[in-house]
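Following: one structure in structure tokens, then a few remarks.
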Amino acid sequence: MDFGVLVKIAYRNLKQHKAKTLIIGILIALGIAVLVVGNSFMDTVKSGIEKNYIENYTGNIFIASSEIENPSLIVSEELFESAPKTIPEFQKVREHVESLPEVTGTTGQINGVAQASWGELGEAFTFLFGIDSASYQELFPEGVNIIEGEFLNTEGSGSAEEGAQSGIVLSKTVAELFEESSGEAIHPGDTIVITSINTVTGTKIREVTVRGIHDYGDASFDLSFISFIDETNLRILNGMMLNSPEDILLSREEAGFFEEGLAEEDLFGGEEDLFGDGFVTDLGDSDASSGDEAASEDEWLGILGDTSERDYLSETDPNAWNYLLVKLQDDRQAGAVVNELNAYFKDQGIEARAWDWIDGAGMSAQLADTISLVFNILIFIVAIVAVIIIMNTLVISVSERYGEIGTMRAIGAEKGFVRKMISLETLMITIVFGVVGVVLGIVILLIMGASGIEASNQFLQILLGGDVFRPELSGASVIISMLVVSVVGLIASLYPVAVALKISPLEAMNK
């Protein structure tokens, strides 16, 4: 039979059963509208978070030690257990990464955690990012919002590495903790003491100068405690040393002291103490007011003896980095680059691994992915319910048309014709009311975009990326929504078609 005739028959049937057609159509339109609005909402949230993190905090991909199972560029569980694992053969890894045509820039990052004190009462807890300020600012030019003072730069002094400026840039939240505990506001130029514990060198204490105060705003709760520190100081705090105590060989005389044990009088007793000829006693008896010459600074420092071994053990490893952050020319290249890098590491026997940005972005960024997954699961459940409702409605419609279908069969209509007729009716309802649903969804999004959704608490501000959220229409959500509802309609028509095909002409005429 001609397709045009089939369309006319299907349209007539839908028109004759307006109530049931409207019931099915309204369900489809509402389902489409919910899908369009919901998916556009989640796509806007995910897109905003992804762009924000990639451009300002994580880069497109990052590289870490393969020993880390659950890496985190922000708050790592390893920080509370031991010092985070470093990337082996860092320079080789970095050179290979930067040789890839897709890569536009890289920077290293060290993670740490510390308790900080200021003056007599000021106390604060902070997570630390140890960075090379030059490459970090080049990779994330908009990533740090300095509200007071300045960022770490490479023209200062105080660091052992190429004149890079040592010090710390506190987060606004950490600065507020200092103010709450001390009653006074901390400012650039003030000196704080930071204490950290690592499994290599134990408890380490460093005195650093506050260079500035920054504010990540509403980017993320877990970012609010991040303070930036020069890489040398953080390597010392984390025990990332170039040399180990095992590298030092004691002389026979020095080793003998430890084997035989030393009494207190051996160290500080009389004329023949450990430091020789009663040196400590002589210095202690020196009194400038009595006319004797006071001990010089060199004499006091001489008590320590040869400090070259101490300096040797204090050298930090310049290639010790926890992460290598990488930016790409195109976000869509991330998957291919991650696979290429992991294949290279395996081939070279390097115990490192490349990850996508979301794997290390922290709780807030991953929360959007989780909510999106939950939303899709709910949509799947709603789709099942919709299939059942549409199916029941179509079955009722078919049962009311026994006579009509039986007459068609009696005058020569084959089963294929009946199947096409009912499937076409379902498809027509889906397309027409699907378009209505899309238009309804677009109108809702336009209204929401114009008025904005105000985030009433910090959780919503983090999730929505600011105080006011304005969702945008997602073309992908429209296409996906239409495909989903079409599949739902076709699946829902399968059982009613099966029922209709079982109707014999004689049975239909009797009813």
Side-chain angles (χ1 to χ4, degrees), residues 42-43 45-90 93-94 96-98 100 102-113 127-131 136 139-140 143 216 219-226 321-346 350-376 462-463 465:
M42 293 309 305
D43 286 349
V45 170
K46 290 175 64 178
S47 176
I49 290 178
E50 180 176 355
K51 182 179 179 181
N52 187 30
Y53 271 73
I54 288 175
E55 292 188 358
N56 298 321
Y57 315 118
T58 65
N60 296 96
I61 64 176
F62 68 94
I63 298 167
S65 167
S66 58
E67 296 182 30
I68 304 176
E69 295 182 1
N70 299 303
S72 174
L73 295 172
I74 300 173
V75 182
S76 172
E77 295 178 1
E78 283 191 305
L79 293 175
F80 300 97
E81 299 173 358
S82 62
K85 305 292 189 301
T86 59
I87 300 173
E89 301 185 56
F90 179 80
V93 169
R94 187 171 194 170
H96 176 75
V97 171
E98 293 181 344
L100 300 179
E102 301 90 346
V103 174
T104 60
T106 66
T107 189
Q109 179 177 301
I110 306 171
N111 283 24
V113 60
F127 292 105
L128 298 171
F129 279 181
I131 60 168
Y136 192 89
L139 199 68
F140 305 120
Y216 269 144
S220 166
F221 173 78
D222 40 8
L223 281 168
S224 62
F225 286 88
I226 297 295
W321 297 93
N322 299 134
Y323 300 107
L324 179 64
L325 313 184
V326 183
K327 270 192 179 181
L328 306 176
Q329 294 180 357
D330 190 337
D331 296 346
R332 293 169 294 183
Q333 299 171 327
V337 174
V338 166
N339 292 335
E340 193 277 340
L341 287 174
N342 286 331
Y344 170 79
F345 297 148
K346 183 177 180 181
I350 300 175
E351 296 183 355
R353 181 178 175 184
W355 302 76
D356 191 60
W357 74 274
I358 189 65
D359 295 309
M363 175 185 65
S364 299
Q366 294 173 354
L367 182 61
D369 258 17
T370 303
I371 293 177
S372 178
L373 177 63
V374 172
F375 176 78
N376 288 327
I462 294 171
L463 181 62

[X] side, atom [atom1]; [Y] side, atom [atom2] - distance, nearest 0.5 Å:
X: T106; Y: L100; atom1: OG1; atom2: CG; answer: 10.5 Å
X: E102; Y: R332; atom1: CD; atom2: CZ; answer: 13.0 Å
X: I87; Y: S66; atom1: CD1; atom2: OG; answer: 10.5 Å
X: Y57; Y: L139; atom1: OH; atom2: CG; answer: 13.5 Å
X: D356; Y: N60; atom1: CG; atom2: CG; answer: 8.0 Å
X: I131; Y: Y323; atom1: CD1; atom2: OH; answer: 16.0 Å

Looking only at non-hydrogen atoms, find the nearest pair between [X] and [Y] and report the distance.
X: F345; Y: A354; result: CE1-N, 4.0 Å
X: G143; Y: Y216; result: O-CE2, 3.1 Å
X: Q333; Y: L328; result: C-CD1, 4.0 Å
X: T86; Y: S65; result: O-CB, 3.5 Å
X: K85; Y: N322; result: O-ND2, 3.2 Å
X: I54; Y: K327; result: O-CE, 3.3 Å

Should I61 and L341 be marked as a side-chain contact (heavy atoms from CB on, under 4.5 Å) after you check the CA-CA gap, both sets of side-chain angles, and the distance that decides it?
-> CA-CA 10 Å; I61 64 176; L341 287 174; 3.7 Å; yes
Answer yes or no: is there a donor N or O on one side and an acceptor on the other, between the side chain of Q109 and the main chain of L73, under 3.5 Å?
-> yes
Anything under 30° is parallel, anything over 60° is perpendicular, the rest tilted; go ahead and classify Y53 against W357.
-> tilted
Can you say whether the rings of F127 and F225 are parallel (under 30°), tilted (30 to 60°) or perpendicular (over 60°)?
-> perpendicular
Applying side-chain contact (heavy atoms from CB on, under 4.5 Å), run through K346 and N342 and close with a yes or a no.
-> CA-CA 6 Å; K346 183 177 180 181; N342 286 331; over 6 Å; no
Does atom CD of E351 have more than 12 heavy-atom neighbours, drawn from other residues, nucleotides or ligands, at distances under 6.0 Å?
-> no
Sub-6.0 Å ring centroid separation between Y136 and F129 = no
Test log, rule side-chain contact (heavy atoms from CB on, under 4.5 Å), inputs E340 and H96 = CA-CA 11 Å; E340 193 277 340; H96 176 75; 3.6 Å; yes
